[in-house]
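Okay, structure first, notes after.
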Amino acid sequence: MSIAIRHISKQFGAFQALDDVSIDIPSGELVALLGPSGCGKTTLLRIIAGLDFADRGQIVLDGDDASARHVRERRVGFVFQHYALFRHMTIADNVAFGLRVKPRRERPAEADIKRRVKRLLELVQLDWLADRYPSQLSGGQRQRIALARALAVEPKVLLLDEPFGALDAKVRKELRRWLRQLHDEIHVTSVFVTHDQEEALEVSDRVVVINRGKVEQIGTPESVYDHPATPFVANFLGSVNLFHGRVEDGHLHLGEHALVLGADGGSEGKAVAFVRPHEFDIVPGWGAGGGLPATIVRVVSVGPSAQIELSRLDGELIEVTIARDTFHSLGLSEGDQVSLRPRHIRVFQAEALAA
Amino acid sequence: MSTSIALHAGSLERDESASTREPAWVKGVLISVALSFFAVFLLLPLGTVFAEALRKGWGAYLAALVNRDAWDAIKLTLITAAIAVPLNLVFGVAAAWSIAKFEFPGKRLLITFIDLPFSVSPVISGLIFVLLFGAQGWFGPWLQEHDIQIIFAVPGIVLATIFVTFPFVARELIPLMEAQGSEEEEAAVVLGASGWQVFWYTTLPNIKWGLLYGVILCNARAMGEFGAVSVVSGHIRGQTNTMPLYVEILYNEYNYAAAFAVASLLALLAIVTLALKTLVERQTRRPLQEITEPSGE
């Protein structure tokens, strides 16, 4: 089922949680709402579910305006950050809940319910826990049960609020891979909220980046990472180095140094530029061929890459990541003077950052 | 409840680290002070009640309980509790629900004023109703015109009892429901449960032990209340005498054995209440621990 979010605005007192948000989510997609905490992403998810109501705008589910429809009638599955399992019920009863509270006419027979619960527990690979209580399960297991419970009523849309937020790093990685596989299996339109950019990029078909109640960018993980539309997106997705300078005749001027810009150099005037740590080449010595002069402050070379912290002449720090082998072949160490050559610079007009 | 639970939890988790361990004599003095205080001020009076009640033998004891006036007092006490406790149960759940789950104007005021019956002297509680419904009270003339008797009659006793026992259930549930939040209810609604199903299948199971605990305390107070009821009762034997009032009348008539016999029933009620309270407390502690227990792997 497709979801269309049309001009949704929501205010809490004086706080503008959502400001004219419009997103189209095609049927069967797995979409991440990504943004810093307090950006309004959870509020948007709750409005889609019907747990909150927008001040203005429409939620259109499968072509029908569902804005006024009660949460009970929206046929959505919702997975809460803190699982919200019924703590006094067994796992099997938790999963069966959505089926058992149906009006008598629609309610499946008890044997049928049992069969479906068993199938769902097998789907989340936890059928051996059917008779336990939620408090006896680990966080990761609880979240999978919460997912099974949400799927029991065969929702048209699955909404997940920071589904892995309360889990530790290792379990989180496992679970998000598992969620991706599950989605490929059942293909229900899914929206999940996260503040973790890595999670959003790894799991979703498309990412919606939200900041201060507004949509900054919508696109595939690749496109939002490689072609950020706004300084916020560039800054929020992965680590970046930030430069303030001026653009003049195809060059970015940083103090007395100038870096060559590509064809999409941007308009002239005051500008901010972003370069990701892995988009630098390092050349030993200062002034060799027009790079940015810097001094190596610290090197961490653990794993396949070397993280190098450098200090520009004016004292600002730059982070650079290059392959460990490349770094070693350069024969550099802490305190050495080098020139940095960005392979790719993203330039935004300075006003864009302030906005 | 919160205080008694804290005490329990504290005693369970107490660790005797060297830095906080007292010398033996301090320990000895403290324990003997506590125990002797307990013996003199709690155990001795309780023992006296039963000793005095049985001083003239079982025959007199039973005779004091099986006469008409005693029976009327017991009946009135039971009727009063039977009305006051369910009403306060409904009110308590409604108040706790609205305070824990909704934001509304007057919420802070409600939270503060729920405690009013605890902080005001029971005599004042009784007087309030006399001033409202008594012959010279605000509604007195109107009530007289319509031939409705509230003060010096059963309705007054019930009203005073409701007022005095009003906070027990609500006080018990508010912290419990606030701690539990409304995520489970939301989950139930998303899964298609109706309002009634949400209450019955998710809210009630989570609060049932706290609720029972509140009801037990509420009942004990409803049956034992003296001050407020005394003011509005008028002490008409066989009509407006509850057990505590009847005890006083017998005592004032120097009928000690009978007074203590009826008092022993109230003391028994107290002991049963304590036993139930301990049992229920054991149950309430479990879900509370589950809430505070850190989630995760």
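Labels below follow one simple rule: chain letters A, B, ... track the order of the sequence lines, proteins then strands, and each chain is numbered from 1.
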Which portion of A:L159 sits near chain B, non-hydrogen atoms under 4.5 angstrom: neither

Side chain from CB out, backbone as N, CA, C, O: work out which of these in A:V76 comes under 4.5 Å of a heavy atom of chain B, or both, or neither. both

Could you measure the distance from the CD atom of B:E184 to the CZ atom of A:F97? Nearest 0.5 Å is fine. 9.5 Å

Top contributor to chain B contacts, counting heavy-atom pairs under 4.5 Å, from A:R74, A:R149, A:H70: A:R149

When only heavy atoms count and the cut-off is under 4.5 Å, which of residues 82-93 of chain B reach chain A? none

Tell me which pairs pass salt bridge (Lys or Arg N to Asp or Glu O under 4.0 Å) where either residue lies in residues 33-50 of chain A, with sequence neighbours left out. A:K41-A:E162, A:R46-A:D52, A:R46-B:E186

Check whether more than 12 heavy atoms from other residues, nucleotides or ligands sit under 6.0 Å from atom CD of B:E103, and answer yes or no. no

Residues, nucleotides or ligands: over 12 heavy atoms within 6.0 Å of A:K118 NZ: no

Search all heavy atoms of A:R72 against all heavy atoms of B:A193 and return the closest pair with its distance. NE-O, 2.8 Å

When rounded to the nearest 0.5 angstrom, what distance separates CD in B:E183 from CZ in A:F86? 11.0 Å

How about CZ on B:F37, more than 12 heavy atoms from neighbouring residues, nucleotides or ligands closer than 6.0 Å, or not? no

A quick test of your reading: do over 12 heavy atoms of other residues, nucleotides or ligands sit less than 6.0 Å from OH of B:Y201? no

Using every non-hydrogen atom in the two residues, find where A:R87 and B:N206 come nearest and quote the distance to one decimal. NE-OD1, 3.5 Å

Exercise: identify the closest heavy-atom pair between B:A187 and A:A84: CB-O, 3.9 Å

Looking at every non-hydrogen atom in both residues, tell me the closest pair between B:V189 and A:V71 and how far apart they are. CG1-CG1, 3.2 Å

